[in-house]
> 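Quick one: this structure, given as structure tokens, is what I'll be asking you about.
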Amino acid sequence: MSSHTLLEELVEIARPFASYGKVANYIPALSDQNPDDLAICIYSIDNESFYAGDHLKKFTLQSISKVIALALVLMDNGEEEVFSKVGMEPTGDPFNSIAKLETHKPSKPLNPMINAGALAVTNMIKGNTGMDKWERLIEFISHLTGENVTYNEDVAYSELQTANLNRSLCYFMKQHGVITGNVEDLLVLYTKQCAVEMNCVDLAKIGAVFANDGWDAESGKQLISRDVARICKTFMVTCGMYNNSGEFAIKVGIPAKSGVSGGIMGSVPGRCGIGIFGPALDEVGNSLAGVKLLEGLSAKYSWSIF
Ligand code: DON
């Protein structure tokens, strides 16, 4: 059986699981996504791609952007500065929880994959103005995909209007000196970052760069330093699938990062990147059919890193 046919088959096995999930609606513009959509691309580190489902359909990155922004900020600012503002430990709490910001001392977010930590990371993107910072980020993402990537204005605006929980995380962190500057400007940048839009092929390509220790075979460039790629993949394992990261590590065992749009980026070290889009989510915010699809793939190809 060809790899394309096998992938089509795995997609059809996973698709029915979407009916147990729900499309995110706390960002109003995401609520009109079709819950039955399911698409996947596998992108090898030497640039071969295989896909199944509607692989050209675009979706927004949401939390997947957190791992990309982290890579940029670590390269720009160095580990010491970044980890003085954000920790390295999983939380076991929902991605938007505020609880540990108060109870955990020092008052800094526990890791860069939860919303508080991601906001602190985005606050460290270099640039004199919000526009400079945005251009730095979108240029980096465009290099990673090899395409001219942009963002979905409706989704960004919709999140900005309703992001009061993220607003409160920012004000809390500003009070404690974790973030500096204007909170509303940070939220504009963060919501644009989360609304960066691409298809599963572009996403799998980014996963492949992480899988290849930051080296991009297409451009022949080291786009992410080896160390930073290692740190990002480690966070994907420990915190990438939120408070389901432990079960995911056992059942799938691939460094991965999810987003509430239904995207998942996977990175199989030394082999390939994986991009998935399936917007029906489980209760913690991960794509339900997407996770099932990864379980099938990991078992079939023995891709668990454990
Ligand atoms: O900040 C938020 O709530 C969204 N822009 C991203 C959250 C997200 O994707 C969590 N993912 N599972």
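Every number for a ligand or one of its atoms is a count from 1 in the order of the listing. Scope of the values below: all heavy atoms of this structure, side chains included, with no hydrogens, waters or symmetry mates.
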> Present, as a list of atom pairs with distances to 0.1 Å, all nitrogen or oxygen contacts under 3.5 Å between ligand 1 and the protein.
residue	atom	partner	partner atom	Å
ligand 1	1 (O)	N115	ND2	3.1
ligand 1	1 (O)	E159	OE2	3.1
ligand 1	1 (O)	N166	ND2	3.0
ligand 1	1 (O)	Y190	OH	2.6
ligand 1	3 (O)	Y26	OH	2.5
ligand 1	3 (O)	N115	ND2	3.1
ligand 1	5 (N)	Q62	OE1	2.7
ligand 1	5 (N)	E159	OE1	2.9
ligand 1	5 (N)	E159	OE2	2.7
ligand 1	9 (O)	S63	N	3.0
ligand 1	9 (O)	S63	OG	2.6
ligand 1	9 (O)	V260	N	2.8
ligand 1	11 (N)	S63	OG	3.4
ligand 1	11 (N)	Y242	OH	3.3
ligand 1	11 (N)	V260	N	3.3
ligand 1	12 (N)	G285	O	3.1

> Once the angle between the rings of Y51 and H55 is folded into 0 to 90°, is it parallel (under 30°), tilted (30 to 60°) or perpendicular (over 60°)?
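Taking H55 first and then Y51, their aromatic rings lie parallel (interplane angle under 30°).
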> Within the structure provided, determine whether L70 and V82 are in side-chain contact (heavy-atom separation under 4.5 Å).
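They are in contact (side-chain heavy atoms under 4.5 Å apart), so the answer is yes.
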> Testing the 3.5 Å rule here: is there a donor-acceptor pair between the side chains of S65 and Q193?
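The criterion, which ignores hydrogens and geometry beyond distance, is satisfied for Q193 and S65.
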> Can N152 and E197 be counted as having a side-chain donor-acceptor contact under 3.5 angstrom?
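A donor-acceptor contact under 3.5 Å links the two side chains.
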> Can you check whether Y242 reaches K257 side chain to side chain, under 4.5 Å on heavy atoms?
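Yes, close enough: below the 4.5 Å cut-off.
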> How many angstroms lie between OG1 in T129 and CH2 in W134, if you round to the nearest 0.5 Å?
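Between atom OG1 of T129 and atom CH2 of W134 there are 13.0 Å.
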